[in-house]
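Remarks on the structure that follows.
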Amino acid sequence: MVAPSDDMAIVSDSLRFVWRSVGADVQYALSVTDMNGSPVLSQATSDTTLIVAITPDFRSGKTYFWFVDALFGDGESATTGIHRFTIPP
């Protein structure tokens with residue numbers, strides 16, 4: 001995990017998620033949830049960066065949790081673990 005860092009306050013109109021590569025031929029699955037664990041965003045990519053617009057799903061004054069799962073061609077997986085960021089009021 002590179003960005004956003006834990007407890008970072010997002011003040012722009014987009015979110016830039018960045019994580020480190022774990023090898024070639026890997027599919028990454030980004031997940032963002034709210035404080036209740038309800039999904040806010042789920043997106044797959046083969047890149048290590050995703051930029052997403054801050055939509056009405058992201059409410060000001062709230063904290064969100066995110067993680068990335070790496071899915072390898074042999075069926076194995078790895079995760080970044082859970083990280084958090086906030087959208088200030």
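These numbers come from a predicted model, not from an experiment. We count residues from 1, following the sequence as given.
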Under 3.5 Å, side chain of [X] to main-chain N/O of [Y], donor-acceptor pair present?
{"X": "Asp34", "Y": "Asn36", "result": "yes"}
{"X": "Thr80", "Y": "Val68", "result": "yes"}
{"X": "Thr55", "Y": "Asp57", "result": "yes"}

So, taking the atom named [atom1] in [X] and the one named [atom2] in [Y], what distance separates them when rounded to the nearest 0.5 Å?
{"X": "Tyr64", "Y": "Phe58", "atom1": "OH", "atom2": "CZ", "answer": "7.0 Å"}
{"X": "Ser31", "Y": "Ile82", "atom1": "OG", "atom2": "CD1", "answer": "10.0 Å"}
{"X": "Leu30", "Y": "Phe17", "atom1": "CG", "atom2": "CZ", "answer": "5.0 Å"}
{"X": "Arg59", "Y": "Met35", "atom1": "CZ", "atom2": "CE", "answer": "13.0 Å"}
{"X": "Leu41", "Y": "Ile54", "atom1": "CG", "atom2": "CD1", "answer": "11.0 Å"}

Heavy-atom pair of closest approach, residues [X] and [Y]:
{"X": "Ala70", "Y": "Val26", "answer": "CB-CG1, 3.8 Å"}
{"X": "Arg20", "Y": "Thr48", "answer": "C-CG2, 4.1 Å"}
{"X": "Pro88", "Y": "Ser60", "answer": "O-CB, 3.3 Å"}
{"X": "Gln27", "Y": "Thr45", "answer": "NE2-N, 3.4 Å"}
{"X": "Val32", "Y": "Trp66", "answer": "CG2-CB, 4.0 Å"}

### Query
Hey, does Phe72 have a side-chain heavy atom less than 4.5 Å from the side chain of Asp25?
no
### Query
So with a 6.0 Å cut-off around CG of Asp47, is the heavy-atom count from everything else above 12?
yes
### Message
Let's go through Lys62 and Thr86 carefully: what are the C-alpha distance in whole Å and the side-chain angles of both, what is the deciding distance for side chain to side chain contact (heavy atoms under 4.5 Å, CB included) to 0.1 Å, and is it a yes or a no?
### Response
CA-CA 6 Å; Lys62 300 293 180 183; Thr86 60; over 6 Å; no
### Co-membership, hydrophobic cluster, residues Leu50 and Leu71, 4.5 Å side-chain
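In one cluster: no.
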### Task
Show your reasoning for whether side chain to side chain contact (heavy atoms under 4.5 Å, CB included) applies to Trp19 and Phe67.
CA-CA 10 Å; Trp19 55 92; Phe67 61 93; over 6 Å; no
### Message
If you apply the rule side-chain hydrogen bond (donor to acceptor under 3.5 Å, both in side chains), what do you find for Ser77 with Asp69, and how did you get there?
### Response
CA-CA 7 Å; Ser77 66; Asp69 291 327; over 6 Å; no
